[in-house]
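What's counted below: heavy atoms across the whole structure, side chains too, no hydrogens, waters or symmetry copies. These numbers were taken from a predicted model, which means no experiment stands behind them.
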Amino acid sequence: MADKFTLFTVLAMFLLLMGSPGQGRPITSNSSLAMVSDGVQNVRQPTYIQLKSLISSESCEQTYGFLPCTTTVLGNVFLILVYGYLMFRAAKLLCDGCEILLEILGPGIIGGLLLPVLSSLPDAIIILASGLSGSQETAQSQVSVGIGLLAGSTVMLLTVLWGSCLILGKCDLGSSLSKDLVDTEGFSLTGSGVSTDVWTSYAARIMAISIIPFIIVQLPAVLYTTSQSRIAILIALVVSISLLLSYSLYQVFQPWIQKRRIAFAKHKHVIAGILKHLSVRALGRLLTDDGEPNTTVIEKLFMMIDENGDGLLSPAELRALVLGIRFEEIDMDIEDAVDKVLKEFDTSCDSFIDIDEFVKGISKWLNEVRRTAEGQATSVHLHHFHEQTRKEHHLLGGQGGHFGETVKNPVWNAFKAVMMLLLGTIVAAVFADPLVDAVASFSTASKIPSFFVSFVILPIASTSEAVSALSFAGRKQLTTASLTYSQIYGSVTMSNILSLSVFLGLVYFRDLTWDFAAEVLVILIVCIVMGAIASFRTTFPLWMSLVAFALYPFSLLLVYILDYIFGWS
């Protein structure tokens with residue numbers, strides 16, 4: 001997929017470059033000639049074609065002198081979609097390239113320092129583009145796009161994504177804890193929810209600490225000493241950079257998030273290995289023609305595994321099944337694999353798996369695999385799922401393994417990773433400026449303030465964590481829910497310190513006016529509310545998703561009221 005996108009990106013850039021400025025001879029209204037010659041008059045006209053009947057008569061400025069521009073609402077919507085998609089793919093390239101380096105070098109500096117920084121790089125580049133080009137006046141007008149992205153990313157992650165993960169990952173609640181894989185209460189606001197571990201609470205507390213630079217930069221406005229605003233901006237910049245370095249070092253020397261991802265990958269590898277092994281032994285297809293689990297074949301497999309014919313699979317029989325699978329290639333503990341299967345299948349908690357539990361468990365696994373490869377044959381996407389989980393394990397660095405030894409052509413893979421990182425960075429750098437221009441032009445044409453446009457649209461284009469977070473949440477287990485929310489809090493932390501560092505640097509060194517009290521207040525409210533919820537509790541009932549969802553429109557409404565009714569800006 002990455003290779004296809006690379007080809008698409010190169011082709012798209014080539015076509016854009018080929019769109020060199022052209023000049024057509026106008027037909028003047030006072031021409032006395034009935035026929036038009038093919039000579040060219042010496043007149044100066046715009047270097048792009050204008051269709052007077054379809055677009056506004058106002059001129060627009062082409063980014064880099066060749067990228068298309070428009071002054072209409074629909075035209076800018078199209079450009080925002082195109083440039084936004086390219087920014088999204090750039091973010092994906094950066095993540096994929098970093099994962100290949102993880103495969104070769106293993107976790108540590110790569111996983112703890114490089115990966116978090118690269119995940120926030122598209123945001124940082126867009127913010128940089130919003131205030132770097134043009135005159136000081138232009139930068140001051142466009143920098144609202146940057147603050148919109150900064151606020152929008154934080155708010156979207158902690159509201160829409162947070163609440164969606166709670167809905168997808170909900171399980172029945174009992175004794176203030178969620179029951180793994182048990183979801184019988186439906187959408188009960190108090191009877192179902194999600195539980196996380198204490199480490200996730202620590203991640204939320206770190207996220208809460210990351211708002212300190214926002215408080216510092218806003219102090220002069222609170223104390224009515226605006227003359228000291230530049231000093232406050234400089235102090236906030238130094239503090240945000242210090243927090244960025246501290247958090248990066250913490251990730252390197254305390255890689256508990258990476259270890260949790262390793263544990264998740266191993267559990268997923270157990271699923272892939274067993275399903276592939278069973279598909280070989282099955283006396284028929286595991287999925288019917290309709291794509292549903294074939295219960296008849298699964299029941300026959302149960303009888304084959306049940307060696308003593310008592311209708312129950314014991315830990316010893318499960319161990320015999322697992323021994324036939326080559327888990328040794330990923331340093332898998334056999335007993336640990338047996339425990340994982342028994343825990344997931346044994347809903348009656350009697351240390352045995354009956355035929356109904358076996359059918360339900362295998363069917364759940366098959367449905368999960370089917371969702372990863374719609375439209376492929378069963379055997380094909382089982383093999384694909386198995387290979388992907390093997391790759392994931394190596395990307396995350398197996399415990400006790402030697403990195404690089406199992407990677408084929410490590411030199412070529414390292415070169416490929418560097419090229420993907422380079423291409424992702426170039427694409428993000430090239431298309432960040434036209435994306436900002438398109439947002440500003442859309443704002444002018446639609447009369448919608450650019451802050452709201454960037455708040456809603458740009459986080460979607462520059463965020464790549466949403467898909468993996470939602471995927472992990474759907475596993476309905478405490479460990480995967482902990483990983484999901486740890487990723488969310490980590491992404492917000494990086495946004496609050498890395499993206500803010502870039503933004504503060506722009507404002508300070510370009511001598512721009514800091515006039516974003518309402519926007520900062522929104523970030524503080526959302527981070528404090530969600531940080532307080534996540535820092536001091538580990539179980540979240542379903543009703544909390546409503547609180548998270550409500551904070552999103554509340555944030556937009558609050559900025560509008562403060563800026564355009566009370567005149568804060």
Side-chain angles (χ1 to χ4, degrees), residues 171 180-184 264-330 332 334-393 471 474-477 480:
C171 297
D180 285 359
L181 306 172
V182 179
D183 185 17
T184 60
F264 173 77
K266 282 192 172 183
H267 182 71
K268 191 175 179 182
H269 200 95
V270 172
I271 298 175
I274 290 179
L275 286 180
K276 185 178 180 182
H277 185 70
L278 292 179
S279 67
V280 174
R281 297 182 60 180
L283 301 178
R285 295 188 302 170
L286 291 177
L287 292 179
T288 64
D289 293 335
D290 298 330
E292 297 299 323
N294 193 331
T295 56
T296 303
V297 173
I298 297 174
E299 289 173 354
K300 291 179 180 178
L301 282 170
F302 177 87
M303 297 175 186
M304 293 173 61
I305 301 170
D306 182 18
E307 297 178 353
N308 59 11
D310 62 352
L312 297 172
L313 296 185
S314 64
E317 289 169 328
L318 281 178
R319 190 175 190 279
L321 170 66
V322 173
L323 280 173
I325 306 170
R326 295 184 57 195
F327 286 129
E328 68 274 5
E329 65 188 9
I330 63 163
M332 174 67 70
I334 299 300
E335 299 302 329
D336 181 60
V338 172
D339 290 340
K340 289 180 186 298
V341 177
L342 189 62
K343 182 180 179 181
E344 186 157 347
F345 281 32
D346 182 22
T347 56
S348 61
C349 300
D350 59 357
S351 298
F352 291 92
I353 300 174
D354 61 32
I355 190 168
D356 291 333
E357 292 172 335
F358 185 80
V359 171
K360 290 180 181 178
I362 295 296
S363 298
K364 183 175 182 295
W365 284 0
L366 287 170
N367 287 328
E368 180 178 340
V369 174
R370 185 184 59 180
R371 287 192 296 268
T372 65
E374 290 290 346
Q376 297 180 7
T378 308
S379 58
V380 174
H381 66 247
L382 276 177
H383 176 75
H384 172 76
F385 184 73
H386 180 70
E387 292 302 316
Q388 283 294 106
T389 53
R390 287 185 59 193
K391 180 181 178 181
E392 281 183 21
H393 175 80
S471 174
R475 294 302 312 280
K476 296 183 180 296
Q477 291 180 305
T480 53

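- Not one N or O on the side chain of E299 forms a donor-acceptor pair closer than 3.5 Å with the backbone of T296.
- Atom CD1 of I362 is separated from atom OG1 of T295 by 13.0 Å, given to the nearest 0.5 angstrom.
- Closest approach of Q477 and D180 over heavy atoms only: CA-OD1, 3.5 Å.
- Listed here is the closest heavy atom pair of F358 and L313: CD1-CD1, 3.7 Å.
- For the pair P315 and S351, the tightest heavy-atom approach, listed with the atom from each and the gap, is CD-O, 3.5 Å.
- Shown here are the ring-ring contact (aromatic ring centres under 6.0 Å, His included) partners of F352, two or more places apart in sequence or in another chain: there are none.
- Taking CG of D354 as the start and CG of D306 as the end, the distance is 11.0 Å to the nearest 0.5 Å.
- Across every non-hydrogen atom of D183 and K476, the tightest pair is OD2-NZ, 3.3 Å.
- Residues satisfying the side-chain hydrogen bond (donor to acceptor under 3.5 Å, both in side chains) criterion with K360, sequence neighbours excluded, are absent altogether.
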